[in-house]
Amino acid sequence: MSRVCWHVLGAGSLGSLWATRLARAGLPVRLILRDEARLAAYNAQAGLTLNENGQRQTFAIPAQTVSADEPIQRLLVACKAYDAEHAVAAVAHRLTDRAEVLLLQNGLGSQDAVAAMIPGARCIFVSSTEGAYRDEDWSVVFAGQGFNWLGDTPQGAAPVWLDELKQAGIPHQWTADIAEHLWRKLALNCAINPLTVLHQCRNGELQAHAEEVTALCAELGHVLHCCGQPGAAEGLLDQVQQVIAATAANYSSMYQDVAQGRRTEIRYLLGHVCATAATLDCPAPTLNLLRLRLIEHLNARGLPND
Ligand code: NAP
């Protein structure tokens with residue numbers, strides 16, 4: 001039986017982590033790059049490199065641009081949340097009638113925007129706690145063990161190809177409540193990441209700002225209840241404190257984005273929570289103030305504030 005090809009849109013950190021592990025398991029993978037210049041740069045290399053536990057292994061994964069004409073049956077969207085809609089629009093015409101589209105984006109908002117654009121496809125949301133970064137172009141470091149929750153919003157049956165993730169050693173589980181996982185991760189992010197940017201500190205240093213963290217968690221819990229996500233609110237403060245302690249020496253992803261002058265995903269994180277609260281007439285003064293402080297911080301550094 002011939003296997004369906006995994007088309008991976010965006011060969012950045014997470015896209016490369018998935019592509020290389022799938023290729024290592026002998027599964028068919030194609031990278032989809034943004035343009036001819038990126039394709040030429042990739043083709044000048046021997047392939048995509050995975051650096052895991054200090055071992056580097058390169059995989060000659062074929063690549064193409066968004067404008068290739070090969071049909072796409074299974075698409076893994078591995079762009080940042082703010083690029084996902086635009087990137088998927090460029091390949092939407094290539095999706096087959098029963099295409100499946102996996103969305104790896106952090107936060108919320110981008111997934112629904114993509115799904116609305118491709119109503120014929122089955123969109124599967126992924127909440128990932130794995131960690132990866134690029135040490136150079138076309139080379140990814142697997143930096144943190146984690147887990148991937150997958151699910152879709154009409155709560156369909158688990159796809160048969162989950163076996164392929166198992167074969168590739170990608171830790172995962174299908175869930176009937178992916179929205180709860182995504183909201184929970186979003187809440188954890190909102191309670192930690194913006195404060196690390198504003199206080200210019202590692203996660204652990206937030207222990208010195210316990211009152212601020214506690215107030216944020218209380219309000220996040222309230223907003224999650226308003227959104228019909230009480231499960232995502234349960235024990236939030238405890239988990240936030242655990243994450244802060246367990247990752248005390250780390251800089252949050254938002255801290256790193258700002259420190260390196262990169263655009264943040266604020267719109268899909270804190271911005272999404274504030275926008276949803278406003279739509280539901282749910283008071284969120286602490287979160288709104290935090291968002292304004294963060295925007296001011298980004299403006300002062302000349303970074304996009306959405
Ligand atoms: P990243 O390293 O910046 O990779 C994004 C990739 O998307 C880049 O390679 C970029 O191409 C590509 N891209 C952007 N627009 C494109 C387009 N129009 N067509 C084709 N490719 C396009 O980002 P990441 O860290 O992998 O993050 C991806 C998502 O996963 C984010 O939402 C992030 O929050 C989430 N996430 C990441 C991690 C992690 O550890 N990295 C963990 C959990 C969740 P160029 O290389 O040409 O710029």
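This structure is a prediction, so every number in the text was calculated from the model and none was measured. Read the numbers this way: they start at 1 and go in the same order the structure lists the ligands and their atoms.
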- prompt: If you measure from each non-hydrogen atom of Arg34 to ligand 1, which part falls under 4.0 Å: side chain, backbone, both or neither?
  reply: both
- request: Of the side chain and backbone of Ser253, name the one, both, or neither that has a heavy atom under 4.0 Å from an atom of ligand 1.
  value: neither
Pair [X], [Y]: side-chain N/O donor-acceptor within cut-off below 3.5 Å:
X      : Y      : answer
Thr65  : Asp35  : no
Asn299 : Asn305 : yes
Thr196 : Ser252 : yes
Arg184 : Gln239 : yes

In terms of atom number and element, which parts of ligand 1 are under 4.0 angstrom from non-hydrogen atoms of [X]?
X      : answer
Asp83  : 14 (C), 15 (N)
Glu130 : 40 (O), 42 (C), 43 (C)
Ala11  : 9 (O)
Ala81  : 32 (O)
Leu104 : 30 (O), 35 (C)
Gly131 : 40 (O)
Ser128 : 43 (C)
Ser13  : 1 (P), 2 (O), 4 (O), 25 (O), 26 (O), 41 (N)

Non-hydrogen atom of Ala90 closer than 4.0 Å to ligand 1: no
Which residue and non-hydrogen atom of the protein lie closest to [atom], and at what distance in Å?
atom                    : result
atom 23 (O) of ligand 1 : Lys80 CE, 3.5 Å
atom 46 (O) of ligand 1 : Arg38 NH2, 2.9 Å
atom 9 (O) of ligand 1  : Gly12 N, 3.0 Å
atom 29 (C) of ligand 1 : Cys79 O, 3.5 Å

field: Polar side-chain atom of Gln111 near backbone of Gln105 as donor-acceptor pair, under 3.5 Å
entry: yes
I'd like to check whether [X] has a polar contact with ligand 1, where a contact means an N/O of the residue lying under 3.5 Å from an N/O of the ligand.
X      : answer
Ala87  : no
Lys185 : no
His86  : no

Can you tell which of [options] gets a heavy atom nearest to [atom]?
atom                    : options                      : value
atom 31 (C) of ligand 1 : Glu265, Gln105, Arg263       : Glu265
atom 38 (C) of ligand 1 : Asp137, Leu14, Leu9, Asp257  : Leu14
atom 5 (C) of ligand 1  : Ala143, Ala78, Gly10         : Ala78
atom 40 (O) of ligand 1 : Ala132, Ser127, Ala89, Gly15 : Ala132

- request: Is it possible for you to say whether Ile72 and Leu103 belong to one hydrophobic cluster, with membership spreading through side-chain heavy-atom contacts below 4.5 Å?
  value: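 Yes; Leu103 is reachable from Ile72 via cluster members.
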message: Would a single hydrophobic cluster contain both Leu14 and Leu186, if residues Ile, Leu, Val, Met, Phe, Trp and Tyr are joined by side-chain heavy-atom contacts under 4.5 Å?
response: no
task: Sequence neighbours left out, what passes salt bridge (charged side-chain N to carboxylate O under 4.0 Å, His left out) with Asp135? Give chain and number order.
output: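 Salt bridge (charged side-chain N to carboxylate O under 4.0 Å, His left out) list for Asp135, sorted by chain: Arg56.
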task: Going by the side chain to side chain donor-acceptor pair (under 3.5 Å) test, name the single residue among Glu130, His172, His181 that passes it with Asn148.
output: Glu130
- prompt: At their closest point, which heavy atom of Leu17 faces which heavy atom of Arg21, and how far apart are they?
  reply: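 Closest approach of Leu17 to Arg21: O-NE, 3.0 Å.
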- request: Check whether the ring centres of Trp6 and Trp161 lie less than 6.0 Å apart, and answer yes or no.
  value: yes
query: For the residue pair His209 and His199, does the interplanar ring angle fall in the parallel (under 30°), tilted (30 to 60°) or perpendicular (over 60°) class?
result: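 Parallel.
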- request: Sort and list the pairs that fulfil salt bridge (Lys or Arg N to Asp or Glu O under 4.0 Å) and have at least one residue in residues 197-210, not counting sequence neighbours.
  value: none
